[in-house]
Amino acid sequence: MKTTSECGPVTRRQFLAAGVVGGAVLAAGCKPGRQSVWEFFTPEEARTLSTICDQIIPADDYPSASQAGVVTYIDRQLARFYRAHRDAYRIGLQNVQELSQRHFAQVLEALTAEKQLQAVLLMETEQAEFFEMVRKHTFEGFYGSPRHGGNRDAASWQMLGLSEPPLLGRAQYDLRERGGQ
Amino acid sequence: MKRVNAVVIGAGAAGGIVAKELACAGLSVVLLERGKWYTAADCRKDDLRNQRTTVLGNAFGPEEEGNPRVWLDADGHPHTALPNEGSYQNNAACVGGGTLSYGAQAWRYLPQDFRMRSTYGAPSGSSLEDWPITYDDLEPFYEKAEWEIGVSGDYSGTPFHGPRKRDLPMPPLPPGKEFSILEPAAKRLGLHPFHIPMARNSISYNGRGPCMRCRWCVGFACEVDAKNGSQNTVIPVALATGNCELRTECMVKEILSDEHGRARGVAYFDEKGRLQEQLADVVVVSGCAIESARLLLNSRSRLFPDGLGNRYDLVGRHLQGHHYTGAVGFFDFETYDDLGPGATIAVSDYNHGTPGLCGGGMLANEFIRLPIHMVDRMPPGTPRWGLGHKQAMRQWHKRSIVIMGPTQQIPTAEGRVTVDPGVKDKWGLPVARFEGNVHPHTFEIGDKQASRAEAWLKEAGAIHTSRMSSRPEQVSAGQHQAGTCRMGSDPHTSVVNRFCQVHDVDNLFVIDSSVHVTNGGFNPVLTIMAIAFYASDALVRTWRGTGLRS
Ligand SMILES: Cc1cc2nc3c(=O)[nH]c(=O)nc-3n(C[C@H](O)[C@H](O)[C@H](O)COP(=O)(O)OP(=O)(O)OC[C@H]3O[C@@H](n4cnc5c(N)ncnc54)[C@H](O)[C@@H]3O)c2cc1C
Ligand code: SF4
């Protein structure tokens, strides 16, 4: 259950994005739009961010950032602990799209994987501050605790070979100490 | 509110001990704590929100909103600091204070740590000084702290410790993997490695069971209550006497004084935000170095226009903590066993005796690492992101060891806590503001320690190493904050006397990390606890019914 303190006010933008009218939207403060899985992002923003995050942590035999729920993590925090970064994301993601248009004449998501990488490398220098923030938040979402929406199924911990669920109790070392006796 | 014998401000390491000692001696005590009393059920092992990794805030206070601080950079420009930011210099705000979630390393300082000026002379521009008390004065109280709070460990491997009359009450936990890798390497270097003393049950002790060695120790509360803090030792004893009342979520606003210049009690905001007064014969400030100084500075009156105990502009000065330096080593074999608490092995060969350096510090392996800690701790040349970074995480997470330690900080009078003239907290009280830095000699010591850590890792077989040795822009006070109400015999150069009594207000005491003259090359809490037992003992001995014997 969410408490009221976890729910941000509905912004005008969310109001419009949710595409709902009348009384319904008031009740939607805590569970915005049946149409959107996002609390803060528009679907377009979420796609752009997902593309950037997947360059920071691409898929290999383990999930990519977005596959592990990193965009959900960031989205939730922008409605909670990271409220102060909302504008930075809104503007930053727009600027990334402008960068993509300027250099590749296409939206970021439409580029080939190779060009997406080039775009994110450009972003790293042209929008250094925003990139560093996204990088930091991506790592938090991927390597942090699953309860915040990222690290789905503890994917990163499994990747690192950490027991999940963790081994608790003294058996673990008592066995080692006494050679299994 | 009924008048009591003593009001103690802050239910942390020191405050809990003072409350217990006074209550057991028959004094009526009110213990006021601004934070909550958390239970094991509140302990969520959250990698992003705990008391050490505060990405999403502190788990055990203070709350993010309404509790800012300010720090001044080298050019004197003010910056706001929020509780989850390093520049805030947080410890904790809850019952138990730092000891609910600490790593629980429970060190005695060395005899030389109390005599730094006599041992080394004060580097110019520093305020390095001797304590007015010695290791020998504190020895019985170190022992009391070790037995009442409960410390496990084994000093037999090292000659570098002060004389002790009694062993620790508990043996160390069985050694982990890092211990078995680092111990022979240290011995090959001619060092004396040994088991870190820890306020943690290795066997059943004091009615609670032993540590189950989980991944989440430092920064977290213990689910099996095996970590010993004031909240599960002295505070329950204090309450059981029937003489002590603990009031949580009560923020002390100021210490009240009368027309004779004596303390008469405190004004505080209760859990509903109502302003209350608690009158008392004796007032004990135990809010930790930063908040204790702030409270004294905010307690202004006609007789004390600049704050209580601050006649000579000394409250808040000599702020210090520890400058942490060390190194990380990467190995071509697994070093990781996922057994908490993680930190197990230390050397104190380097605390003193290096020509040209005023002290040194203990070096130990780091507490268990969380994946999020490893992200920016990769061998030189590792890509900062992308597939290369992801694969490096996989390669190195279980093949690395961090060795680091608390470098003794050389204090200065300019490194200090003041109160900000403009910024206020949610109660409308002026907030703490930090100025200045440590003496630059601190960094020379820190660099040397980092290279020693690196050498130890190399000897243990590290194939890559990188040093961790930064140049912070402000005093690294934080969890190990100390020094703001210096103990001394001269009222012109110190705030409290050798019994933690404020020089010109005889029924006002500061008993916590604030009184440390210097902060040793070890984590400070056992010394804070020993001083709390020692000062309480003196207070009780001078107590005469409703006041102190003059
Ligand atoms: C994650 C972590 C790990 C640590 N690891 C170690 C370690 O391994 N070894 C070690 O030696 N030390 C360690 N420490 C540091 C140790 O916890 C502190 O040194 C110690 O708790 C300080 O004791 P204190 O009594 O001075 O203050 P605290 O324990 O901080 O207690 C002060 C209390 O006073 C309360 N307070 C302050 N102002 C007011 C007010 N105006 N009104 C009411 N209440 C107030 C605060 O809320 C707080 O609870 C660690 C700390 C943390 C947070
Ligand atoms: S490592 Fe041990 S003492 Fe620390 S939290 Fe886990 S069980 Fe408790």
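Small disclaimer: the values here were computed from a predicted structure and weren't measured. Every chain is numbered from 1 and lettered A, B, ... according to where its sequence line falls, protein lines coming before strand lines.
Contact record, Lys390(B) with Tyr62(A): NZ-O, 2.9 Å, taken as the closest heavy-atom pair. The heavy-atom pair separating Pro58(A) from Gly386(B) by the smallest distance is CD-C, 3.6 Å.
Here the straight-line distance linking atom CG of Leu56(B) with atom CD of Glu140(A) works out to 6.0 Å at 0.5 Å rounding. Taken to the nearest 0.5 Å, the CZ atom of Arg384(B) stands 4.0 Å off from the CD atom of Glu132(A). Considering OG of Ser145(A) and NZ of Lys45(B), their distance stands at 11.5 Å, rounded to 0.5 Å. To the nearest 0.5 Å, atom CG of residue Asp61(A) and atom CZ of residue Arg394(B) are 5.0 Å apart. Here the straight-line distance linking atom CZ of Arg49(B) with atom CZ of Arg147(A) works out to 10.5 Å at 0.5 Å rounding. To the nearest 0.5 angstrom, Trp157(A) atom CH2 is 4.5 Å from Asp47(B) atom CG.
Counting heavy-atom pairs under 4.5 Å between each of Ile372(B), Asp46(B), Leu387(B) and chain A puts Asp46(B) at the top. Each of Gln55(A), Met159(A), Arg135(A), Lys136(A) has some count of heavy-atom pairs under 4.5 Å with chain B, and the biggest count is that of Arg135(A).
Residues of residues 122-131 of chain A that come closer than 4.5 Å to chain B, counting heavy atoms only, are Glu124(A), Phe131(A), ordered by residue number.
Neither the backbone nor the side chain of Ala65(A) comes within contact range of chain B; no heavy atoms are under 4.5 Å apart. Contact of Phe142(A) with chain B is made through the side chain alone, with heavy-atom distances under 4.5 Å. Residue Gln395(B): no heavy atom, backbone or side chain, is found under 4.5 Å from chain A. Of the atoms belonging to Tyr143(A), heavy atoms from both backbone and side chain fall under 4.5 Å from chain B.
Phe139(A) is not listed as a side-chain neighbour of Met393(B), based on a closest heavy-atom distance of 4.5 Å or more. No side-chain heavy atom of Trp385(B) sits under 4.5 Å from any side-chain heavy atom of Val134(A). Side-chain contact between Phe81(A) and Asn84(B): present, with at least one pair of heavy atoms (C-beta onward) separated by less than 4.5 Å.
Partners of Glu44(A) under the side-chain contact (heavy atoms from CB on, under 4.5 Å) rule, at least two apart in sequence or in another chain, are Thr42(A), Arg47(A). Residues passing the side-chain contact (heavy atoms from CB on, under 4.5 Å) test with Lys398(B) are Leu162(A), Glu334(B), Tyr336(B), sequence neighbours excluded. Every salt bridge (charged side-chain N to carboxylate O under 4.0 Å, His left out) that Arg52(B) has, sequence neighbours left out, goes to Glu366(B).
Counting non-hydrogen atoms of other residues, nucleotides and ligands closer than 6.0 Å to CD of Glu473(B) gives a total of 12 or fewer. Counted within 6.0 Å of CD on Gln158(A), heavy atoms from surrounding residues, nucleotides or ligands total more than 12; the atom is thus considered enclosed. Within a 6.0 Å sphere centred on CD of Glu63(B), other residues, nucleotides and ligands contribute 12 heavy atoms or fewer. For CG of Asp153(A), the number of neighbouring non-hydrogen atoms (other residues, nucleotides, ligands) closer than 6.0 Å is 12 at most.
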